[in-house]
Amino acid sequence: MRHPLLKYLRKEALPTIFCPGCGNGIVAKAFFHALDELGIDSLRDFVFVSGIGCAAWIPSPYIKADSIHVLHGRALPVATGIKLVRPELNVVVIGGDGDIAGIGGNHLVHAARRNMDILVIMVNNMVYGMTGGQVSPTTPISMVTPTTPKGNIEPPLDTCEIIKGCGANYVARWSVGHYMQLKNSFKEAITIDGFRFIEVIAQCTARVSSRQGLTAGEHIKQILKRSIPLEKVDDTLTALFRGKIVVGKYADRRNPGYLDRMEAGRE
Ligand SMILES: Cc1ncc(C[n+]2csc(CCOP(=O)(O)OP(=O)(O)O)c2C)c(N)n1
Ligand SMILES: [Mg+2]
């Protein structure tokens, strides 16, 4: 029998270029699962925007919908432009930590401040995966990468705290190991206005797991072991310093999105 989620995939683009054990497939599946449970069978009203990197390949070419692949780090300004001229479309950005929090970090902060009506899915494998696993703004302290051979000395950026502080309507962090929570967050975020940011911690088998002698499954287990629910944390930055992965819902607001405010300003 044909798998019900295959309806969202462009058959002719398969198999994917992702490495065996890559987390990107799990992220895509959870997103499709959310769409299916919401009864959204066709993606005619969706447009996907992505920059450069492995995670940025999830929508284009694999998702059966209109998508645009743009310059590294520039997905958000392009997504903003699309939303402003075609407000009836659901605009979704999918990309990696390097693309969205690193090279595109400035755009991220300002799109969140505007509460721009866009859903952003950031797959955080904690490295610049596609180019060889170099240190990124979300790499944990002491992690060895090709550009930090003695271990990373910089603390990682807590994107969820930042985006919450900027005023986004919805902010959550899960890992690929928190599949049901991730799927449910996608369901919640797809249906509301304003800026929605979901960070997914994922294994990069080629550039991180293999270097640490872990299989994909062992790496996911390690991520789950390091995870701690937001409710149990006093200070998220201190938790990050200690190598923890803080998971949960950081914000769930119903403030007016950019387009509502733009309409109100016209009256
Ligand atoms: C302007 C520009 N700078 C650098 C690069 C090289 N580059 C391609 S992919 C990539 C890393 C992407 O990392 P991330 O967004 O975390 O995605 P991942 O591959 O880890 O999923 C870099 C630096 C580029 N293509 N364009
Ligand atoms: Mg990455």
Side-chain angles (χ1 to χ4, degrees), residues 13 15-31 48-63 67-79 92-109 111-112 118-141 143-148 152 154-160 162-163 173-177 182 197-212 214 216 219-220 222-223 226 240 243 245 247:
T16 71
I17 46 97
F18 301 133
C19 303
C22 174
N24 287 344
I26 305 175
V27 179
K29 184 177 178 194
F31 184 69
F48 294 83
V49 186
S50 54
I52 304 298
C54 295
W57 273 67
I58 295 174
S60 135
Y62 303 112
I63 301 185
S67 61
I68 175 164
H69 223 135
V70 303
L71 283 178
H72 205 0
R74 309 297 169 228
L76 276 160
V78 176
V92 182
V93 169
I94 306 183
D97 47 314
D99 189 59
I100 290 176
I103 293 168
N106 185 35
H107 301 304
L108 178 65
V109 164
I118 292 169
L119 167 60
V120 177
I121 300 169
M122 185 179 90
V123 185
N124 180 5
N125 57 11
M126 304 176 175
V127 288
Y128 287 99
M130 182 175 267
T131 43
Q134 297 87 350
V135 73
S136 87
T138 58
T139 304
I141 292 178
M143 192 166 120
V144 173
T145 75
T147 43
T148 53
N152 179 30
E154 297 182 4
L157 200 65
D158 191 337
T159 37
C160 287
I162 291 171
I163 303 312
R173 178 188 294 118
W174 300 110
S175 80
V176 291
L182 178 63
F197 180 81
I198 300 180
E199 177 176 339
V200 194
I201 307 292
Q203 74 284 8
C204 174
T205 44
R207 312 299 191 192
V208 182
S209 326
S210 52
R211 226 171 238 135
Q212 298 179 2
L214 300 169
H219 197 165
I220 295 174
Q222 191 207 67
I223 290 170
R226 279 175 55 201
L240 262 186
I245 296 167
V247 294

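Both counts, for ligands and for their atoms, begin at 1 and track the order of listing.
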For the side chain of [X] and the backbone of [Y], is there at least one donor-acceptor N/O pair under 3.5 Å apart?
X    : Y    : answer
T148 : V135 : no
S210 : T205 : yes
S209 : C204 : yes
D99  : G104 : no
Q203 : G21  : yes
S67  : F48  : no
R226 : G243 : yes
N124 : E199 : no

Can you tell me how the ring of Y62 sits relative to the ring of W57, calling it parallel under 30°, perpendicular over 60° and tilted otherwise? tilted
Contact residues of ligand 1 with a heavy-atom cut-off of under 4.0 Å?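 These residues qualify: I52, G53, C54, A55, H72, G96, D97, G98, D99, N125, V127, Y128, G129, M130, T131.
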Keeping to distances under 2.8 Å, can you name the protein N/O/S atoms close to the Mg ion (ligand 2)?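 Within the sphere that stays under 2.8 Å of the Mg ion (ligand 2), the protein atoms of type N, O or S are D97 OD1, N125 OD1, V127 O.
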